[in-house]
Participant: 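Submitted below is the structure of interest, expressed as C-alpha cells.
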Amino acid sequence: MTNQVLEPDILIVGSGIAGAALACAIRGRGYNVVLVERSVQPPDTARGDHLQPYSVALLENWGVLEDFLAAGAERRLGTIYLSEEQEIILSAPLERLEIPHPYYLYLNHDVIGSVLLKKAGDDKNFTLLRPATASGFSFDNERMRSVNVSLPDDTVVEVRAHLVVGADGRNSRVCHAAGIPARTHKYPRPLVAMFGPHPLPDPRNEVLSFLGNDKITVCIPRIGGIAKIGFTLDPSEIPFWRNSTVEQRREAVAQRVPCLAGYESELAGFFPVIQVTTTAYTHGNVVLLGDAAHAMHPARGQGMNVALRGIERLIDCLPSPRMIADPVQLHAALQRYDAMQKQANTRLLEDNHARARENVGALRAYLGKVAGDQRLTARYVRETTGYSPEPERNLV
Ligand SMILES: Cc1cc2nc3c(=O)[nH]c(=O)nc-3n(C[C@H](O)[C@H](O)[C@H](O)COP(=O)(O)OP(=O)(O)OC[C@H]3O[C@@H](n4cnc5c(N)ncnc54)[C@H](O)[C@@H]3O)c2cc1C
C-alpha cells in the first residue's frame with residue numbers, strides 16, 4: 001500500500017560512501033534530495049579507508065575536510081614496496097609534489113560514511129529514509145518515473161524524482177531496473193583483512209607492501225596506531241584463518257613476512273572480490289555512481305576515490321535546480337557526464353584489472369624499472385594521487 005508520495009529533484013538509492021558523498025557534496029546548492037538506505041548498520045569498517053590527495057582536495061571544496069580531521073583522520077605520506085626481507089624495491093613519497101594536499105588522508109570506512117552523512121544533514125532540503133529499501137521501479141518512455149521505497153512497518157513511499165542515482169553497490173538493483181548491461185568478473189582469490197597494533201615503526205604512516213616470490217602482503221595504517229594487514233588467499237585457506245587464534249595468526253603472518261612477527265590481530269573479515277563494469281553510466285534519468293557503476297579489485301585502493309571523482313563530474317554537469325525538471329536539459333547533462341566518466345575511467349579500470357591479475361614477479365620487475373628511472377618514478381607517484389597526469393583534465 002502506498003502511503004506517501006515524495007517529489008524531490010534527486011533520489012539517491014544507497015548510503016555507502018558514494019551516496020553519502022553525493023548528498024554531502026550537493027548540499028546547499030538548492031536541490032531537494034532524498035536518500036534511501038536499507039541498512040541500519042554502518043558500512044563495514046574494513047573497506048576503503050584511504051583518500052587520495054585529489055579526494056582530499058574534493059573534501060576541502062565540499063567544506064567537509066575539517067570534519068574529517070575532527071573525526072580523527074590522519075595523514076599518510078607515501079607507499080613503500082619492499083621484499084619480504086625488507087629491501088626497498090620502490091619508495092613513492094608524496095610530499096614533494098606540487099599539489100594542495102601532498103598526502104593521503106585515512107579514516108575508518110564507517111566513520112567516513114557517517115561524517116559525510118552528518119554533513120549532508122546540514123541542508124534543510126535533505127531527507128534521509130533509513131531503513132528504507134528501494135524495491136519497485138516504474139518506467140515511462142525510458143524515464144524512471146517512480147521508485148517504491150519500503151519501510152519496516154510495511155508502508156511504501158512512492159518517490160518521483162527528476163534524477164535517480166543508483167549508489168546501491170555492486171549488485172545494483174537500480175542498474176538492473178534501468179536495463180544498463182553490467183559485466184561481472186569474479187576474481188578467484190578472496191581477500192582477508194585483520195586489525196592489530198602496528199607491528200613496525202612507521203613514522204610517516206606509509207603503506208608497506210611486501211612482495212614475495214608469489215604473494216603480496218600489505219600493511220596499511222589505520223587511525224590510532226593500528227595496522228590493517230591484508231592479502232589474497234586461496235578459498236581453501238579460509239577455514240584456517242576463520243578459526244585461527246591470535247597466536248596462530250601471529251605465526252602465520254610472521255611466516256609470510258618475518259618482520260611482521262609479533263602482530264597481534266583480530267580478524268576483520270573476508271571479502272570476495274568482484275569486478276563490475278557497466279556499458280554506460282546513465283540511462284534516461286538514471287545515473288550510476290560508485291560500485292554500482294564500477295566495482296573494482298581493491299589491490300590499488302581506488303574504488304571509493306574513483307566514486308568521489310565521479311561525484312565531482314556529475315555535480316559539474318547537472319542542470320541548475322530550476323532546470324533539472326526539464327528532461328531535455330537533464331538528458332544532455334547526463335550524456336555529458338557519461339562521456340566524461342568513460343574518458344576518465346575506461347583505462348583506469350583496465351589497468352586496475354590487469355594489476356589485480358598480474359603475477360608478483362612481473363610486478364616486482366615493473367616496480368624495479370620504475371625505481372631505476374626518476375621520470376618514471378615521478379609519473380608513478382603522481383598517478384597514485386588521483387590527479388590526472390595531464391593537469392588540464394582536473395576539475396579541482
Ligand atoms: C577490503 C577493501 C578495502 C578497500 N580499500 C579501499 C581504499 O583504500 N580506497 C578506496 O578508494 N577504495 C577501497 N575499497 C573499495 C571501496 O570500499 C568501495 O569502492 C566503496 O566503498 C563503494 O562504495 P559504494 O557507496 O559505491 O557502495 P557500497 O558501499 O556497497 O554502498 C551501497 C549501499 O547501498 C545500499 N543499498 C543497496 N541496495 C539498496 C536498496 N535497494 N535500497 C536502499 N539501499 C540499498 C547498501 O545497504 C549500501 O549501504 C576497498 C574495498 C574493500 C573490500
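The shown structure was predicted, so the numbers you read here are calculated from the model rather than taken from an experiment.
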Participant: Just wondering, are more than 12 heavy atoms of other shown residues or ligands nearer than 6.0 Å to NZ in K342?
Facilitator: yes
Participant: Do S135 and N148 get their side chains close enough for a donor-acceptor pair, meaning under 3.5 Å?
Facilitator: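 No, N148 and S135 have no side-chain donor paired with an acceptor closer than 3.5 Å.
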Participant: If we ignore angles and hydrogens, is there a donor and acceptor under 3.5 Å between the side chains of E87 and S83?
Facilitator: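 A donor-acceptor contact under 3.5 Å links the two side chains.
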Participant: Tell me whether V33 is reachable from L308 by hopping between hydrophobic residues (I, L, V, M, F, W, Y) whose side-chain heavy atoms are closer than 4.5 Å.
Facilitator: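 Cluster IDs for L308 and V33 match.
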Participant: Is H50 close to T79 at the side-chain level, that is, under 4.5 Å between some pair of heavy atoms?
Facilitator: no
Participant: Test ring pair (Phe, Tyr, Trp, His ring centres under 6.0 Å) on Y387 and H101 and set out the steps.
Facilitator: CA-CA 11 Å; Y387 281 89; H101 303 278; 9.2 Å; no
Participant: Is there a side-chain contact between Y366 and I89 (heavy atoms, below 4.5 Å)?
Facilitator: no
Participant: Please determine if R300 and D351 form a salt bridge, counting it only when a charged side-chain N lies under 4.0 Å from a carboxylate O.
Facilitator: no
Participant: Got a sec: does the NE2 of H331 have more than 12 other heavy atoms crowding it under 6.0 Å?
Facilitator: no
Participant: Hey, is D140 close enough to R160 for a salt bridge, meaning N to O under 4.0 Å?
Facilitator: no
Participant: Tell me if the CG atom of D234 is crowded by more than 12 foreign heavy atoms within 6.0 Å.
Facilitator: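 More than 12 heavy atoms, drawn from other residues, nucleotides or ligands, come within 6.0 Å of this atom.
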Participant: Consider side chain to side chain contact (heavy atoms under 4.5 Å, CB included). Of Q86, E85, R256, which one does F210 pass it with?
Facilitator: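 Running side chain to side chain contact (heavy atoms under 4.5 Å, CB included) over Q86, E85, R256 with F210 returns exactly one hit, Q86.
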Participant: Evaluate whether atom NE2 of H353 has more than 12 neighbouring non-hydrogen atoms of other residues, nucleotides or ligands under 6.0 angstrom away.
Facilitator: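 Enclosed: over 12 neighbouring heavy atoms sit under 6.0 Å from NE2 of H353.
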Participant: What's the spacing between R170 CZ and T278 OG1 if we round to 0.5 Å?
Facilitator: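 Between R170 CZ and T278 OG1, I get 15.0 Å after rounding to 0.5 Å.
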Participant: Going by an N to O cut-off under 4.0 Å, is there a salt bridge joining D168 and R173?
Facilitator: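 Salt bridge absent between D168 and R173.
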Participant: Just by distance, with hydrogens left out, do Q275 and H297 show a side-chain donor and acceptor under 3.5 Å apart?
Facilitator: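 No, no side-chain donor-acceptor contact under 3.5 Å.
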Participant: I'd like to know if the side chain of N285 and the backbone of P327 have a donor-acceptor N/O pair within less than 3.5 Å.
Facilitator: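 No; zero donor-acceptor contacts below 3.5 Å.
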Participant: Under a plain distance cut-off of 3.5 Å, with no hydrogens placed, do R355 and Q302 share a side-chain donor-acceptor pair?
Facilitator: no
Participant: Determine, for D373 against K369, whether the closest basic-nitrogen to carboxylate-oxygen distance falls under 4.0 angstrom.
Facilitator: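 Here D373 does not pair with K369 in a salt bridge, since their nearest N and O are not under 4.0 Å apart.
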Participant: Is there a chain of hydrophobic side chains (I, L, V, M, F, W, Y, each step under 4.5 Å between heavy atoms) that links I229 to V273?
Facilitator: no
Participant: Looking at every heavy atom in both H283 and A178, which two are closest together, and how far apart are they?
Facilitator: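 Taking every non-hydrogen atom into account, CD2-O, 3.3 Å.
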Participant: Assess the side chains of S146 and S138: does a donor N or O sit below 3.5 Å from an acceptor N or O?
Facilitator: yes
Participant: Side chains of V306 and H294: does their closest heavy-atom pair fall under 4.5 Å?
Facilitator: yes
Participant: Whether the N205 and Y106 side chains hold a donor-acceptor pair (N or O, under 3.5 Å, no angle test) is what I'd like checked.
Facilitator: yes
Participant: Check each of L288, I10, I311, V13 against V165 using the side chain to side chain contact (heavy atoms under 4.5 Å, CB included) test, and report the only one that passes.
Facilitator: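 Filter result, single survivor: I10.
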